[in-house]
Every structure is written in structure tokens, then in C-alpha cells.
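Structure provided below as C-alpha cells; questions to follow.
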There are 2 protein chains.
Amino acid sequence: MPEPSPGFRPTLEAVAARAGVSRATASRVVNGGAGVRQPLVDKVRRAVDELGYVPNHAARTLVTRRTGAVAVIIAEPEIRIFSDPFFSQQIRGISKELTAHDTQLVLLLLEGPGDYDRIARYLAGGHVDGALAFSLHTDDPIPEITRRAGMPTVYGGRPSWTAAQDHQAVPYVDADNRGGARAAVRYLRDLGRRRIAHIAGPRDQASATDRLDGYRDVLPDADPALIAEGGFTAESGALAMAELLARYPDLDAVFAANDLMASGALRVLKEQGRAVPGDVALVGFDDMDSVAEAMDPPLTTVRQDIEGQGRLMARLLLRGLEQDREGAQAPASVITPTTLVRRASA
Amino acid sequence: MPEPSPGFRPTLEAVAARAGVSRATASRVVNGGAGVRQPLVDKVRRAVDELGYVPNHAARTLVTRRTGAVAVIIAEPEIRIFSDPFFSQQIRGISKELTAHDTQLVLLLLEGPGDYDRIARYLAGGHVDGALAFSLHTDDPIPEITRRAGMPTVYGGRPSWTAAQDHQAVPYVDADNRGGARAAVRYLRDLGRRRIAHIAGPRDQASATDRLDGYRDVLPDADPALIAEGGFTAESGALAMAELLARYPDLDAVFAANDLMASGALRVLKEQGRAVPGDVALVGFDDMDSVAEAMDPPLTTVRQDIEGQGRLMARLLLRGLEQDREGAQAPASVITPTTLVRRASA
DNA sequence: GCAGACTATGAGAGCGCTTCCAAAGCGCCC
DNA sequence: GGGCGCTTTGGAAGCGCTCTCATAGTCTGC
């Protein structure tokens, strides 16, 4: 094990000298060794090991114009980041995929609305080769920023300014929110429930509106009063539930647009003396580890493969970066399937 | 707004030419403008704006040897990352502090045990100026890796190979785990509980042993059979609780070393027909947003300011980096206070 | 009005690497 | 045996920036 005074870093020059070759040849070997004869390859490799040489990233980037890093931009207002394992899982998936391709992950958390400038400057600064962005709301400036920076970008979740049927405009990865919602509501209907309410998510998020659309697909004639809007938090779910119960005391099922809101709803249902699933059947969305299974009764919900989505996003971006270099066009979007997980709440 | 063909990036040279000054002067202005006369400063600033100039990061790093980025290394086996908002919060705190100092956050998640090599190579590659690392277990190779790379590092949580009283060896930020545990157990004792059990965390994590020590501080004569070890997960908490109930059917209080285990314990207590807090009082640790308050009854627990710890870690590291340049020594560690949050479970 | 002490500016080297291009080496065929 | 074409190697330019150092300019004080 080489351990030349910590902090000191040998250069390619040093490796070349030690191996008795030119810097050019040493460079070739370090980058795969194509077109260099075996004896020299070995000599250089040995020198690298002996000196503990690691290429200087900045120097390399300066000439290749590639950083080997991508940015992950999370614009979500802080509240959700805290309690939402969603991002952790996506990031885990992204990290796995990036690691497998020797690419680094730079995390860009938006700290408030004035922070877009910083992101713009960062992306323009050539720190990263591409970007992954999440949870865009209508009029989110991120797409414009990445476009200006000429930065290939893949979105997590369909950006709300994109039409659902237009998978080409911008590459994104999303769960089949509409299909999942349809499955959930159909399940409730097939259970014989007649007054199925929906706690929707915020109108400016595509995942929320897609799930609402799924609900409407199955129940086109449902009274709009059976729909209440929440903010994807437990608290807002509780509020929405109370509202629905006031309007429709005889409702017998609720489909909540995410598990967090379902848990808030459950609390209110219990408080108001409704048995779940006896009086009211409850279905959520997301199958969030620490929430759905821990609820009492455990929550029937729609599962999406969040980590898989993360991997997919990274893969799409990496492929895009390759093609970029080859002058091909941007990759298309991907919709991942969802499955209904039956537990005790419905 | 300048928008020269996306992807094209003007150089300092271009800015200098446009402003009619030398590259050196342009550089000075871009870096604060000290020692440049106002008229020239203005001219250069204007040129910067007009061209939409953003300094090339790689070039700058190459000469300054500073990257303006720090690595956040998370070595936790994957399970916990998913369900544990702990990291999200720490990272949020870290991000806030780093952003305020114009420093970037590179996320390094370990993907399995063979991944240390990658981390080592990355740190040695000079991609970052310093590192923040979490949840080190005994014999964790991370400290050795960062030392070799000559990389200033601040730890989150006292590394278990460090003696509790030795705050100097390695800079870390930790909650007052022992004091918090003492407060929790004292509270239970003052409630009049006589058989206070403890569900401890894994023996190789300092936070777990510190909390156990706090328990022992207050109850030095407690039967060791009142202590069961869990793995900081809800499931392991349930298992430990069942074990304890089998050994001590008449226990009347439980102090769990974290909220997740407390939630598992609560489930088992309910299953076995114990009223909480009537028959058994329950106290957790962490005050995890989505868990403690959502439990039924809401969990009395020990709160630590996780986001604050994150900020502190970043601050310590940044200070360390500055001092490093000035040749001063590494910063000392910091212990943050904890508070007991009384809810319904005890 | 001029020496002396600063202060503001520019020229140029050089950070560590990749890569273009030319030179050298080699094998083969006629 | 000489010429042709291929492969392997090295020399050197240059990526965009910072920073040292020399030079030109400005201001004191006497």
C-alpha cells in the first residue's frame, strides 16, 4: 500500500517518468490502454500502483469537458422532504445506477424560492453533465434553467406543463398514476361500495391530477362534492376527511391520493367512530414503507416501484448523455406500472 | 438576458476583451474586485452580464486546488435510509449551511461493503475539499480512508471507536444521547414506575450504547434481564418487546432507544392487551416527525435537533477547511442538547 | 518639482491532463 | 531490398483560470 505523505498527489508526469514512457502513453494506459503494447501497459500500471496515482479530476474535466457528475435537483418545499421517504428511495435508486456508471451525484436542494439563481449559476458553471429534477409544479423555472444551460435533464414525475399523452416533449419517468388510481377505485367499487370519496392531492402536481383522473375514469358520474383536495400531508388528509364526512355522512369508501393523507384520514374516521373497513373502506397510494404497513388497520394501497423509478431516471439521463455526444436525440419517457396491495383497510 | 446558443460558454478572455482590460484584471473583478478601480470594475461587470459569463469550475479548481464541494458519506445499510427521516433532516441542515457558504454537496451512498474502494478513489481524486460521514460502526474503514486522502472530515454521531470523553481526537457532532436517556428514565422513575425496561440499539453504535449508559446512570441496579437489544427498526423493537414481556410480565415502563423501536414495542404491547400508558409507560428517542406524533397514543420521546446537527457538522467542516489553509488545527467536537417531549404515552 | 512609497494593471507562467500530429518502428509484398 | 501502409510512441499545444512579478501610474511630503 502506497502512502506518500497524505495530501500529496503524484501527477501523470511522475507516473510516466517512473514507467519510462511519455505522458501521452501514460495517459492512454490510464484511460484504458487502447493502442499501447502490453509491456508498456504493464509498466505504467505498476507505476500507477506504486505511486498511488489517482487522476486529477479538475484537469481531466478541463480538457474533456465532461465532469462525470450529474445534479439531482429537489425543489420540494421543505416540509415534505422531512417526512417523505419517497425521495430517499428515489435517490437510492439513482445512486445505484450512477455508481454503476462511475458517475457522481451532486445534490441540489432548493432552499426557498430565491434559490433558483444559485441553481442556474451552478448548472451554467459546468459542474455537472446533466440533471435530474423532481416534483415540478406548474411554472417551475427549472426546465427553463436547464434548457438555457444546455443541460440534458430527466424529470421524476410528469411535469405538470406536459400533456399526459405527450411522452416525447421532455423525458420523464413516472408511475402509472392514472392506472393505479383506476385499479384502486375499481377495487372499492367491486367491493360493493357505493359512495366512494376521493382525497386528491394539490392541483398543481401531475401525480395528483392523474390520480384524480383515474378516479373519474371509473366514476364519471360521481358527485364533485365527494372530492376534497389535500396537500399530500397527513394533516391535510385529516382536514379533507373531516370535510367529506360533514358533506357525506354516509360515504362508505375513501381513496386517498397518497398514504400520508390516508393516515390522516384514518385518524379522523376513528375519531368519528367509523369502523375501517367495516363502515368505511380506505385505500391509499404509494405504499410507503413506514406508513402503510404500520397503520391500524394496515393500509390497502397502490404500490409503485420508487427505487426502480430512480434507477430508470438515471439510466435515461446517462443514455441521453452518451447520445448527446453522438448527436442523437433525447430519450423518450417511461411510465412504470403500479400494483394494488391488499391489506386490511379495504 | 443573454442567451448565446445554449451550451456555448464565454471565457474570461472574452470578458476581458469586451471590457478592454487584461484577463488578470477581469479575473480580479470576478473574484471580488479588490484592488481594481471602480470604472474598470463596472466595465468588467457589464461585460460579464452581457456575455452571461460563468467561471469554468474545472479551470478554477485546477489552479486553486479547491473544489468548493464537500462529500456526504452515508454508509448505513440500505434498510434504514428508506424509512428513516433522520438522514433527510441532517442533509437538509447540511445543505442549508453549505449553500450559505457557496459550497456544493456531493452525496456518496455506499452500495454494499465492496464499495469502499470507490469512495477511497473518489476522495483521493480531489473531487471535494472535505467530507461529512455518518453512523460509523466499529472498524469502519471510512476514517482511515479519509485520513489517507488527507481529507478533513467531520463525523455525525460519535464514532464508536472514540471514547465518549475524548472530544478532541476526531471532530464530530452528536446529540447528548446519554443525558437525554437519563432524562427519559428519570421521568419514568418519577412517574412512580418500578420496573423500567430498556430496548437498546445495536451495540456497535455509539448512540445506542450512550443511551444505554444513560439508562444505567439512573438505574445502576436494574436487572440486566430488563434490557433487550434491537436493531433500531420497528420490527426489532417489536421482537425485543415480546422478549421483555416474556421475561418480565409485570414491567410497567419501557424506554426505547429510538422511536422506530418504540412504535414496534407499542404494537406488541397492544397485542398483548397492555394499556399504554396505563399498564406500561413508553418513552422513545429522536422525536421523529412522522412517527412519534402519529402513534396512538402519541409518543413521549426525547427530541434532538437533527437539522441543527447537520448545520453544525457543515459549519465545523467549513471552519476546519479555512483553518486548514491557515495552518491551524482541527476544530473540536460539539454535543447538542436534547429535550424531553411529553405526549400521551408516558 | 522630484524622490520615495504605494497602488493599479498587464504579461506570462503554469495547474494536470488529453489529444493532435509527426516521427519512428515494423511487417509485408513485389 | 526498397517502398508502402499500418501500429505504436512521443512532442507539444492548449483547455480556462489564478497569481506572481514587473511595469506603469498616482500620490505624498519636502
Side-chain angles (χ1 to χ4, degrees), chain A residues 4 7-45 47-48 51-69 102 121 124-129 325, chain B residues 4 7-45 47-48 51-69 102 121 124-129 325:
Chain A
F8 168 80
R9 309 251 310 278
T11 70
L12 231 209
E13 188 75 54
V15 171
R18 177 153 194 135
V21 301
S22 72
R23 206 167 61 236
T25 297
S27 172
R28 281 188 271 260
V29 172
V30 168
N31 290 291
V36 178
R37 249 179 312 207
Q38 200 53 45
L40 283 198
V41 171
D42 294 342
K43 261 203 265 185
V44 173
R45 292 249 160 86
V48 165
L51 292 165
Y53 170 77
V54 181
N56 179 304
H57 178 244
R60 184 175 271 181
T61 295
L62 185 55
V63 28
T64 59
R65 270 110 207 302
R66 307 203 49 242
T67 65
D102 233 9
R121 229 171 321 119
H127 295 70
V128 293
D129 299 330
R325 253 168 290 141
Chain B
F8 167 80
R9 308 250 311 278
T11 71
L12 231 210
E13 189 75 53
V15 172
R18 176 154 196 135
V21 301
S22 72
R23 206 169 58 234
T25 297
S27 173
R28 280 187 273 260
V29 172
V30 168
N31 290 290
V36 178
R37 250 178 310 207
Q38 201 53 46
L40 285 197
V41 171
D42 294 342
K43 262 203 268 187
V44 173
R45 292 251 161 85
V48 165
L51 270 57
Y53 171 75
V54 180
N56 178 304
H57 179 245
R60 185 176 269 180
T61 294
L62 185 55
V63 28
T64 60
R65 274 115 206 300
R66 306 201 49 241
T67 64
D102 234 10
R121 228 170 323 118
H127 294 70
V128 293
D129 299 330
R325 254 168 287 140

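A note on names: the letters A, B, ... follow the listed sequences, proteins ahead of strands, and every chain is numbered from 1. Note that this is a predicted model, so its numbers are computed, not measured.
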Identify the heavy atoms of B:Val21 and B:Ala26 that sit nearest to each other, and give their distance.
CG2-N, 4.1 Å
Outermost DNA chain D nucleotides near chain B [under 4.0 Å, heavy atoms]:
D:dG16 to D:dT26
Kindly say whether B:Ala16 contributes a backbone atom to a donor-acceptor pair with the side chain of B:Arg23 at under 3.5 angstrom?
no
Qualifying residues under side-chain hydrogen bond (donor to acceptor under 3.5 Å, both in side chains), relative to A:Ser22, sequence neighbours excluded
A:Thr25
Compile the donor-acceptor pairs under 3.5 Å between side chains in residues 32-41 of chain A and protein atoms, sequence neighbours left out, one pair per line.
unit_1	atom_1	unit_2	atom_2	d
A:Gln38	NE2	A:Asp42	OD1	3.0

Under the side chain to side chain contact (heavy atoms under 4.5 Å, CB included) rule, collect the residues that match up with A:Asp129, sequence neighbours excluded.
A:Arg66, A:Thr67, A:Leu321
What's the shortest heavy-atom distance between A:Val54 and B:Gly125, and which atoms?
CG1-CA, 3.5 Å
Got a sec, which residues hit salt bridge (charged side-chain N to carboxylate O under 4.0 Å, His left out) with A:Arg28, two or more places apart in sequence or on another chain?
none
Measuring from B:Arg121:CZ to A:Asp102:CG, what's the distance to the nearest 0.5 Å?
6.5 Å
Heavy-atom pair with the smallest gap, counting every atom of B:Val30 and B:Tyr53:
CG2-CE2, 4.0 Å
The helix from C:dG1-D:dC30 to C:dC30-D:dG1: angle between terminal helix axes, five bp per end, to the nearest 10 degrees, reads 40°
Going from NE2 on A:His127 to CG on B:Asn56, what distance comes out if it is rounded to the nearest 0.5 angstrom?
9.0 Å
Test side chain to side chain contact (heavy atoms under 4.5 Å, CB included) applied to A:Ala47 - qualifying residues, sequence neighbours left out:
A:Val15, A:Arg18, A:Ala19
Which residues within residues 36-45 of chain A lie with some heavy atom under 4.0 Å of an atom in DNA chain D?
A:Val36, A:Arg37, A:Leu40
Generate the contact string for nucleotides 12-21 of chain C. Rules: B means base contact, S means sugar-phosphate contact only, - means no protein heavy atom under 4.0 Å.
-B-BBBBBB-
